[in-house]
Trainee: 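Please read through the structure below; I'll follow up with questions.
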Amino acid sequence: MAGLDPKLIKHALSVAREHGFAEVEIETPTGRFAATLDRAKKTAEAPAPVEGHAKDGSSNGFLDIKATLVGYYNQAKPALEPGKSVSKGDVIAVISALGLANEVESPHSGEVAEVLVADGDPVQYGQVLARVKVNA
């Protein structure tokens with residue numbers, strides 16, 4: 001896998017999830033990659049909003065920061081914690097997947113209200129990592 005571009009792998013996994021594929025295989029002259037995806041996580045249509053939550057993930061002035069891929073959550077330095085101020089684009093965590101470290105950037109600016117995962121926890125694609133109270 002050393003010769004494969006990590007962006008190519010991420011793209012292939014994203015397309016596979018989007019279209020409900022169970023397996024992904026990539027073979028190039030420089031390397032080979034194969035993965036089996038969890039069918040239980042496949043959803044053909046977007047889930048309905050949870051009661052009290054809008055489609056954008058907001059709830060009473062709070063917005064969710066979600067995992068961008070499947071892997072293991074690692075705290076950024078400094079660690080994300082309630083009361084900490086974050087800006088859009090700040091690196092708030094790293095998700096390790098397939099031996100690669102992938103930075104997670106905050107899509108929102110505001111104050112961290114709660115952190116829902118601990119360092120080293122496994123995370124699923126789209127899982128809420130933290131909630132941010134939006135700056136008015």
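Only a predicted model underlies this, so the values are computations on that prediction, with no experimental measurement involved.
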Trainee: Which residues, ordered by chain and number, are linked to Val70 in its hydrophobic cluster, where ILVMFWY side chains connect at heavy-atom gaps below 4.5 Å, directly or through other members?
Mentor: Tyr125

Trainee: Tell me if a side-chain donor or acceptor on Asp64 pairs with a main-chain N or O of Lys66 at a distance below 3.5 Å.
Mentor: no

Trainee: Taking atom NE2 of His108 and atom NZ of Lys88, what is their separation to the nearest 0.5 Å?
Mentor: 8.5 Å

Trainee: Sequence neighbours left out, what pairs pass salt bridge (Lys or Arg N to Asp or Glu O under 4.0 Å) with at least one residue falling in residues 22-31?
Mentor: Glu25-Arg32, Glu27-Arg32

Trainee: By side chain to side chain donor-acceptor pair (under 3.5 Å), which residues pair with Glu114, not counting sequence neighbours?
Mentor: Arg131

Trainee: Quick one, Val112 with Ile65, criterion side chain to side chain contact (heavy atoms under 4.5 Å, CB included). Give me CA distance, side-chain angles, the key distance, then yes/no.
Mentor: CA-CA 10 Å; Val112 177; Ile65 299 175; 5.9 Å; no

Trainee: Return the minimal non-hydrogen interatomic distance between Lys84 and Pro78, and the atom names on each side.
Mentor: NZ-O, 3.2 Å

Trainee: Go through the structure and list residues passing side chain to side chain donor-acceptor pair (under 3.5 Å) with Gln75, not counting sequence neighbours.
Mentor: none

Trainee: For the residue pair Phe62 and Ala113, what are the closest heavy atoms and their distance?
Mentor: CE2-CB, 3.3 Å

Trainee: Any side-chain heavy-atom pair from Leu13 and Leu69 closer than 4.5 angstrom?
Mentor: no

Trainee: Considering all heavy atoms of both residues, which atom of Ala67 and which atom of Gln124 are nearest to each other, and what is their separation?
Mentor: CB-O, 3.3 Å

Trainee: Return the minimal non-hydrogen interatomic distance between Tyr72 and Gly120, and the atom names on each side.
Mentor: CD2-O, 3.5 Å

Trainee: Quick check: is Val117 connected to Leu80 through a chain of hydrophobic side chains (ILVMFWY, heavy atoms under 4.5 Å apart)?
Mentor: yes

Trainee: How far apart are the closest heavy atoms of Ile26 and Ile9, and which atoms are they?
Mentor: CD1-CA, 4.1 Å

Trainee: Please report, to 0.1 Å, the donor-acceptor pairs under 3.5 Å made by any side chain of residues 89-104, with sequence neighbours excluded.
Mentor:
residue	atom	partner	partner atom	Å
Asp90	OD2	Ser87	N	2.8
Ser96	OG	Asn74	ND2	2.8
Asn102	OD1	Lys10	NZ	3.4
Asn102	ND2	Ile95	O	3.2
Asn102	ND2	Leu100	O	3.2

